[in-house]
K.L.:
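Let me begin by handing over the structure; questions about it come next.
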Protein chains: 2
Amino acid sequence: MSHIGYGCLMTVDREQVLRTAAALLSRKATATMDEVARAAGIGRATLHRHFAGRDALVRALEALGIQEFEAAIDTARFDDGTAEEALRRLIAGLEPVAGLLAFLVTENQLFEGDQMNEGWDRLDARVAALFRRGQERGEFRIDLTPVWLTEALYGLIGTCAWAVQDGRVAGKDFQYMIAELLLGGARRSVER
Amino acid sequence: MSHIGYGCLMTVDREQVLRTAAALLSRKATATMDEVARAAGIGRATLHRHFAGRDALVRALEALGIQEFEAAIDTARFDDGTAEEALRRLIAGLEPVAGLLAFLVTENQLFEGDQMNEGWDRLDARVAALFRRGQERGEFRIDLTPVWLTEALYGLIGTCAWAVQDGRVAGKDFQYMIAELLLGGARRSVER
DNA sequence: CCGATGTGAGACATCAATGTCTCATCGGGA
DNA sequence: TCCCGATGAGACATTGATGTCTCACATCGG
């Protein structure tokens, strides 16, 4: 069902609304429902028809973020080749979701309720398992815990996403900056 | 009646209120003025007498964070010894301020106004200069820009502060985890 | 052509946080 | 001792976001 018009009356594409909301909230976490609706090119009433309230919207974004994160993990094929190669593939796959993840991480309201989405635990476990595999293969150092490496990955992705948004880091360098820093660090390694 | 010292009527220690507010807001950025007041053991009216409003409070926290960050830089003696040593001293000095910095970084409202505190620029410049010095000395790699290394340092400090608060990383490992990851990365760089 | 559906705009009540005010009380200093 | 200043508690109005509702209208399918 094709369609043309911009503001004209057409069935709302729930997916598109979510992506627009993600883009907006990534930049301005305190955006109101009205701003979200405007950004998505729909009316506030319509936004409420699809998402019962702000809470439901954030939950939907959380589900979307988890889903795309999981997809990125699947695509990264953790068991193919070295752990380093898998990590680089993961970072590449996460780039399009970086802004959304940065927003969700700061939305700590998500993590204090009893109904915390268990998807995060699964993601954490899978990523930590990748780092652990790298340690067992002798690729990664063992004095940095897999849990910390996982957190650091999240942190660097969010930080870099913001830095790119603010123009402090070139967008094209996103994957390189994260992967190189996380893997090799700032110190100039000994040439060999 | 008959309470002693604590909630008793006594002149408010502005500094102590700020520190308490920083500790609370680091954990819960959306805490209300009432919650901040309760946490500081004072009445909401008194809080308003010292800080005109929530905005003024956040600005005061910003000033405090900048001041302590600057103090940490001074203490780190950037020009003494290697850049790596200076960076480790900086991380050590920033540990007590980590929570506050993590809060301020996410308070992006601070950075969108025209009246953005120029203190951040000075801090950025000083830290970036340290990384640049390390590059010029041949200690640090030159394919990671000083600006990115600076951002990454902020990000890792905030991430680690949260991870410690949530019990995912041991508090005593704070300095080590950040310094080792930032300097050496996850890869096991053995000379063989 | 006509009804069903989904939409935009806006009115409206609600709610929570904020900011301001008063007042009784306590403590320190003159 | 007595007065002044600072405080805590609470009342109050204000503000902004939210959630619900109605209504007119455009589009689609029959």
Side-chain angles (χ1 to χ4, degrees), chain A residues 1-22 24-62 103 106-110 112-113 115, chain B residues 1-22 24-62 103 106-110 112-113 115:
Chain A
M1 127 157 9
S2 59
H3 196 36
I4 10 157
Y6 274 167
C8 46
L9 293 180
M10 58 179 294
T11 301
V12 164
D13 180 351
R14 182 189 161 103
E15 189 78 5
Q16 184 56 36
V17 171
L18 273 182
R19 298 197 179 277
T20 307
L24 174 59
L25 290 172
S26 299
R27 292 191 304 269
K28 183 181 177 182
T30 61
T32 68
M33 293 293 276
D34 193 77
E35 290 174 297
V36 172
R38 299 300 174 114
I42 65 177
R44 195 166 66 95
T46 306
L47 182 59
H48 268 88
R49 284 188 194 102
H50 288 268
F51 304 97
R54 188 193 181 76
D55 212 56
L57 176 63
V58 174
R59 290 288 169 186
L61 285 172
E62 180 185 35
F103 162 70
T106 62
E107 200 75 358
N108 38 21
Q109 181 181 9
L110 294 174
E112 57 189 19
Q115 49 178 350
Chain B
M1 47 179 303
S2 99
H3 14 319
I4 358 141
Y6 268 14
C8 257
L9 291 181
M10 57 183 296
T11 301
V12 164
D13 180 351
R14 182 189 161 102
E15 188 79 4
Q16 184 55 36
V17 171
L18 273 180
R19 298 197 180 277
T20 307
L24 173 60
L25 290 172
S26 298
R27 294 191 304 269
K28 183 181 177 184
T30 61
T32 68
M33 292 293 276
D34 192 75
E35 290 174 296
V36 172
R38 300 300 173 113
I42 63 176
R44 195 166 65 94
T46 306
L47 182 60
H48 267 89
R49 284 187 194 102
H50 287 269
F51 305 98
R54 186 193 183 76
D55 214 54
L57 176 63
V58 174
R59 289 290 168 185
L61 285 172
E62 180 185 36
F103 162 70
T106 63
E107 201 74 357
N108 39 21
Q109 180 181 10
L110 294 174
E112 56 190 20
Q115 50 178 352

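A note on names: the letters A, B, ... follow the listed sequences, proteins ahead of strands, and every chain is numbered from 1. Because the structure is predicted, anything quoted here is derived from the model rather than measured.
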K.L.:
Does a side-chain N-to-carboxylate-O contact under 4.0 Å join A/Glu35 and A/Arg38?
P.N.:
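Salt bridge absent between A/Glu35 and A/Arg38.
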K.L.:
Which one, D/dG8, C/dG8, D/dT18, comes nearest to the side chain of B/Thr46?
P.N.:
D/dG8
K.L.:
Compare every heavy atom of B/His50 with every heavy atom of B/Arg14, then report the nearest pair and how far apart it is.
P.N.:
NH1-O, 3.6 Å
K.L.:
Between A/Met33 and A/Ala45, just flag the one whose closest nucleotide in DNA chain D comes earlier from the 5' side.
P.N.:
A/Met33
K.L.:
Can you measure A/Leu47 atom CG to C/dA9 atom C1' for me and round it to whole angstrom units?
P.N.:
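After rounding, the gap between these two atoms is 15 Å.
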K.L.:
Is B/Leu57 close to B/Met33 at the side-chain level, that is, under 4.5 Å between some pair of heavy atoms?
P.N.:
yes
K.L.:
Please check the phosphate of D/dT7 (OP1 and OP2 only) for any side-chain N or O of B/His50 closer than 4.0 Å.
P.N.:
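True: B/His50 side-chain N/O within range (under 4.0 Å) of D/dT7 OP1/OP2.
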K.L.:
When only distance counts, do a donor and an acceptor, one from the side chain of A/Arg49 and one from the base of C/dG8, lie under 3.5 Å apart?
P.N.:
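Check passes, donor-acceptor contact within cut-off.
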K.L.:
Starting from P on D/dT7, measure out to CG on B/Asp13 and report it in whole angstrom.
P.N.:
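Taking atom P of D/dT7 as the reference, CG of B/Asp13 is at 11 Å.
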K.L.:
To the side chain of A/Arg44, which of D/dG10, C/dA17, D/dT18 is closest?
P.N.:
D/dT18
K.L.:
Check every atom of C/dT18, D/dG8, D/dG19 against the side chain of B/Arg54 and return the nucleotide holding the closest atom.
P.N.:
C/dT18
K.L.:
Starting at CD1 of B/Ile42 and ending at C1' of D/dA9, how long is that distance when rounded to a whole Å?
P.N.:
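From B/Ile42 CD1 to D/dA9 C1': 13 Å.
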K.L.:
Rounded to whole Å, please give me the gap between CG in A/Asp55 and C1' in D/dA17.
P.N.:
14 Å
K.L.:
Any side-chain heavy-atom pair from B/Val36 and B/Arg44 closer than 4.5 angstrom?
P.N.:
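They are not in side-chain contact.
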K.L.:
Write down the distance between NE2 (B/His48) and P (C/dA17), rounded to a whole number of angstrom.
P.N.:
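It works out to 13 Å between those atoms.
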K.L.:
Measure from CG on A/Asp34 to P on C/dA11 and round the result to the nearest Å.
P.N.:
13 Å
K.L.:
Would you kindly give the CZ-to-C1' distance between A/Arg38 and C/dG10, to the nearest whole Å?
P.N.:
11 Å
